[in-house]
Amino acid sequence: MITECGFGILCAMERLTVQVGSFEVNCSILSEGGRAWIVDPGQEAARLLALLAERSLKPEAILLTHAHFDHISAVARLQATFPDLPVLVHPKDIAVIAHPFNQYPPEYPPVPMPKNVRDLADLSSLGGLSDLEAIETPGHTPGGVCYYLPHFSSSPLLLSGDTLFAGSIGRTDLPGGSLSTLSESLKKLADLPSETVVVPGHGPETTIGEERRSNPFLR
Ligand SMILES: [Zn+2]
Ligand SMILES: [Zn+2]
């Protein structure tokens with residue numbers, strides 16, 4: 001996506017994806033014109049803060065695909081550094097945060113309730129991300145979403161959380177999970193353009209076209 005970001009300068013949105021924590025969650029930092037949006041900061045807050053500082057990026061918001069501990073465990077430390085940083089999460093996943101299952105000591109610290117939690121409906125008020133769409137994809141958790149950027153760089157971009165993986169899908173045997181619900185959610189993703197680059201919550205990147213061809217859950 002190319003937008004004007006001040007003084008007539010055109011800025012392109014960029015993506016940096018790193019694997020964090022022992023569950024190797026793909027945490028993506030989307031940035032444009034010095035502003036950043038952090039998707040699924042699952043662990044390693046110090047490393048994420050260093051990446052932001054190296055690139056002189058100011059975080060505008062944290063976006064969660066869902067509220068499992070492996071995707072949100074760095075939220076508290078990021079908010080300790082940036083106290084006003086809002087956290088966008090589907091309201092149906094708020095109960096997931098406090099669920100006893102959602103604690104995994106000692107590898108992950110206890111997951112406190114994030115501060116400044118905002119509804120996904122507030123996405124449009126986060127300037128610079130007007131192009132980003134939250135596609136509701138429940139099934140792995142009740143409030144799971146995928147973030148879709150139809151005009152990202154040369155191809156559309158989908159951050160699919162634990163809904164869709166390369167060659168597989170998210171598990172549905174955890175509290176609040178449902179295979180029939182997830183199957184309905186996957187139909188929405190199957191309709192996206194073939195060239196859409198998919199960055200799942202774990203594992204390698206893929207495309208919607210490749211998954212339509214090879215993923216038995218998407219055919
Ligand atoms: Zn998950
Ligand atoms: Zn996960």
Side-chain angles (χ1 to χ4, degrees), residues 1 13-30 37-42 63-72 88-93 95-96 99 101-102 104 120-121 123 129 131-219:
M1 182 169 61
M13 184 166 269
E14 295 177 23
R15 169 175 67 93
L16 171 70
T17 300
V18 293
Q19 287 73 48
V20 295
S22 45
F23 281 61
E24 299 188 333
V25 158
N26 289 322
C27 169
S28 290
I29 299 174
L30 303 174
W37 298 266
I38 307 164
V39 183
D40 285 358
L63 282 66
L64 302 177
T65 60
H66 64 298
H68 279 155
F69 65 89
D70 54 326
H71 295 253
I72 73 169
L88 279 92
V89 59
H90 193 291
K92 285 188 177 169
D93 258 25
V96 171
H99 195 284
F101 163 83
N102 212 33
Y104 201 79
L120 290 165
L123 253 184
L129 271 186
D131 196 38
L132 185 142
E133 184 185 335
I135 304 174
E136 294 191 21
T137 53
H140 175 66
T141 62
V145 297
C146 295
Y147 294 105
Y148 181 56
L149 285 142
H151 304 112
F152 185 85
S153 187
S154 55
S155 305
L157 175 68
L158 182 77
L159 304 171
S160 66
D162 288 1
T163 296
L164 175 65
F165 299 125
S168 186
I169 58 172
R171 55 190 289 187
T172 54
D173 58 334
L174 301 172
S178 160
L179 181 56
S180 59
T181 305
L182 187 63
S183 299
E184 289 303 311
S185 295
L186 291 165
K187 287 179 188 168
K188 295 184 195 174
L189 304 186
D191 285 340
L192 296 176
S194 298
E195 67 274 21
T196 303
V197 172
V198 180
V199 180
H202 305 261
E205 296 176 14
T206 181
T207 64
I208 288 294
E210 176 58 30
E211 294 313 300
R212 270 205 296 261
R213 274 189 295 278
S214 63
N215 189 329
F217 299 99
L218 227 66
R219 275 188 290 198

Is there a donor-acceptor contact under 3.5 Å from the side chain of [X] to the main chain of [Y]?
| X | Y | value |
| --- | --- | --- |
| Y147 | L64 | yes |
| T207 | E210 | yes |
| K188 | T137 | no |
| S185 | T181 | yes |
| D40 | C27 | no |
| H68 | D70 | no |
| E205 | P200 | no |
| D131 | L149 | no |

Exercise: identify the closest heavy-atom pair between [X] and [Y]:
| X | Y | result |
| --- | --- | --- |
| W37 | M13 | CZ3-CE, 3.8 Å |
| G144 | D93 | N-OD1, 4.0 Å |
| T65 | G161 | OG1-CA, 3.5 Å |
| C146 | L189 | SG-CD1, 4.0 Å |
| E211 | L218 | CB-CD2, 3.6 Å |
| R171 | D173 | NE-OD1, 2.8 Å |

From [X] atom [atom1] to [Y] atom [atom2], the distance as rounded to the nearest 0.5 Å:
| X | Y | atom1 | atom2 | answer |
| --- | --- | --- | --- | --- |
| F217 | S168 | CZ | OG | 5.5 Å |
| L164 | L182 | CG | CG | 9.0 Å |
| D191 | L186 | CG | CG | 11.5 Å |
| L192 | I208 | CG | CD1 | 5.0 Å |
| H151 | L157 | NE2 | CG | 13.0 Å |
| N215 | F165 | CG | CZ | 11.0 Å |

Notebook entry, point to check: Is the centre of the H202 ring less than 6.0 Å from the centre of the H71 ring?
Noted result: yes

| task | Could you give me the CA-CA distance, side-chain angles and deciding distance for L120 and E136, then say whether side chain to side chain contact (heavy atoms under 4.5 Å, CB included) is met? | result | CA-CA 10 Å; L120 290 165; E136 294 191 21; 5.6 Å; no

Side chains of [X] and [Y] only: does a donor on one sit below 3.5 Å from an acceptor on the other?
| X | Y | value |
| --- | --- | --- |
| S155 | E195 | no |
| N26 | T17 | no |
| H66 | D162 | yes |

- Message: Counting only heavy atoms from other residues, nucleotides and ligands, does the tally under 6.0 Å from OH of Y104 exceed 12?
- Response: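 No, OH of Y104 has 12 or fewer neighbouring heavy atoms, counting only those of other groups under 6.0 Å.
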
*Would you say T196 and Y148 make side-chain contact, with heavy atoms under 4.5 Å?*
yes

Per side chain to side chain contact (heavy atoms under 4.5 Å, CB included), L63 is matched among L159, V145, L132 by L132

